[in-house]
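The structure appears right after this line, and notes come after that.
Any value given below was found using the heavy atoms of this structure, including those in side chains, with hydrogens, waters and symmetry copies removed.
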Amino acid sequence: MPGTLNRCATFGIYLLIAFPTSVTGATRLGAAADFALLGAAAVTNSGASAVRGDMGVSPGVSMTGLDTVAHNGGVHANDVVAVTAQGAAGSAYDSLSALAFDVDLSGTDLGSLGSLPPGVYRFATAAELTGALILDFAGHQAQPFVFQIGTALTTIAASQLTVINGSADSAIYWLVGSSATLGAGSTFVGNVIADQSITLADGARILCGRGLALHGALTMIANLVSNDCAAGDLGSGLGDFGSHGYDGFGNGGVSTAPEPGTWAMLLTGFGAVGGLARRRRQAAHSSRL
């Protein structure tokens, strides 16, 4: 009964993150928020792409194929704007990576979960999305989704990530320890910050959010990307609840963690999902290569 097991596992996750980890406003994107796409070594595009928000590269200077990008923002090739944005993206990556995680999803296909509540999720190595996943902010609109991925993030062709019940305070971050690849025709949501490269395969969409590559190249093939989408932006039919591309953290960005006794009550009687319990990181995030 795979479906029943998946529903039980997801229910356990909801119980364990009933009160998500505290997050401070210091993890906002800052100067990187104006960008939709930011590469480090280079930015390349082929085919007809559409981008809402700035595009840039730093410390590299190569940006090719932009003549076929319908674009409403600025272009910054290793100027002070791009340099500052890279610094801000790196700081966001470091601070979010250092958060204690709520649930360890190592070895779990995101597409098998159906839906998730806000929380800090850890993958020891790679993460994969096959099929569809719903990120549901219901009741916790000011709590962030933070995915700490040890190595690669991959979504298969035509996979779908959607968001429901969000608000202007809602935030979604994908921290990728190596490189991110979004499959052909897939739809993704949130801010992808990859230590190395980001590849958007033919027709992949980031609606709504950003692709920020800290050390490698950013590659596009006929993509749609919006860092601040309203309903119907770029023909997507999607909105971001006024969250500026899910760079939320409203109300000062501070949430309240549960009392220790509350965690004990939640965990008691739910031994089947006890392995998903909130645990502290054992060491500080290692330096980016």
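When every heavy atom of Ser243 is checked against every heavy atom of Ser167, the shortest pair comes out as CB-O, 3.5 Å. The two residues Ala31 and Ala88 come nearest to each other via the heavy atoms N-CB, 3.8 Å. Residue Ala89 comes nearest to Leu212 through the heavy atom pair CB-CD1, 4.1 Å, listed as atom of the first residue, atom of the second, then distance. Here the shortest heavy-atom pairing between Pro144 and Pro118 reads O-CB, 3.6 Å. Across Ala180 and Ala194, no two heavy atoms sit closer than the pair N-CB, 4.4 Å.
Remark: the backbone N or O of Ala201 is paired with a side-chain donor or acceptor of Asn223 at under 3.5 angstrom. Ser179 places a side-chain N or O within 3.5 Å of a backbone atom of Ser197 that can act as its donor or acceptor partner. Side-chain atoms of Gln148 never come within 3.5 Å of backbone atoms of Trp174 as a donor-acceptor pair (strictly under, hydrogens ignored). Within the 3.5 Å criterion, the main-chain N or O of Ser58 finds a donor-acceptor partner in the side chain of Gln86. At distances below 3.5 Å, not a single donor-acceptor pair connects side-chain atoms of Asp228 with backbone N or O atoms of Gly53. Panel note: side chain Arg122, backbone Phe147; no donor-acceptor pair is recorded below 3.5 Å. Judged by distance alone, the side chain of Thr155 and the main-chain N or O of Gly183 form a donor-acceptor pair under 3.5 Å. Counting only distance, with no hydrogens or angles, the side chain of Asn165 and the backbone of Asp136 share no donor-acceptor pair below 3.5 Å.
Val225 and Val75 fall within the same hydrophobic cluster, where Ile, Leu, Val, Met, Phe, Trp and Tyr residues are linked whenever their side-chain heavy atoms come under 4.5 Å apart, directly or through other members. Following chains of ILVMFWY side-chain contacts shorter than 4.5 Å, one cannot reach Ile221 starting from Val69, and the two form parts of different hydrophobic clusters. Placement of Leu218 and Leu66 within a single hydrophobic cluster is found when ILVMFWY residues are connected by side-chain heavy-atom separations under 4.5 Å, directly or transitively. Taking hydrophobic clusters as Ile, Leu, Val, Met, Phe, Trp and Tyr residues chained together by side-chain heavy-atom distances below 4.5 Å, Val192 does not share a cluster with Ile156.
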Candidate pair Leu175 and Asp195, rule side chain to side chain contact (heavy atoms under 4.5 Å, CB included), full reasoning: CA-CA 8 Å; Leu175 311 172; Asp195 185 72; over 6 Å; no
Steps toward side chain to side chain contact (heavy atoms under 4.5 Å, CB included) verdict (Leu37, Met220): CA-CA 10 Å; Leu37 296 169; Met220 306 166 58; 3.4 Å; yes
Worked check of side chain to side chain contact (heavy atoms under 4.5 Å, CB included) between Leu133 and Leu113: CA-CA 7 Å; Leu133 174 65; Leu113 296 173; 4.3 Å; yes
Verdict with reasoning, His244 to Leu29, per side chain to side chain contact (heavy atoms under 4.5 Å, CB included): CA-CA 11 Å; His244 190 46; Leu29 282 175; over 6 Å; no
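Between Phe145 and Phe137, the distance from one ring center to the other falls under 6.0 angstrom.
The CD atom of Gln160 lies 7.0 Å from the CZ atom of Arg205; values are rounded to the nearest 0.5 Å.
For the side chain to side chain donor-acceptor pair (under 3.5 Å) test, residues two or more places apart in sequence or in another chain that qualify with Ser49 are Asn45. Remark: His71 engages no residue in a ring-ring contact (aromatic ring centres under 6.0 Å, His included) (not counting sequence neighbours).
With a 4.5 Å cut-off on side-chain heavy atoms, Met55 and Leu38 do not count as touching. At a threshold of 4.5 Å between non-hydrogen side-chain atoms, the residues Leu105 and Leu110 count as touching.
In this structure, a donor-acceptor pair under 3.5 Å is absent between the side chains of Asp104 and Tyr121. Judged purely by distance below 3.5 Å, without hydrogens or angles, the side chains of Asp79 and His76 pair a donor atom with an acceptor atom.
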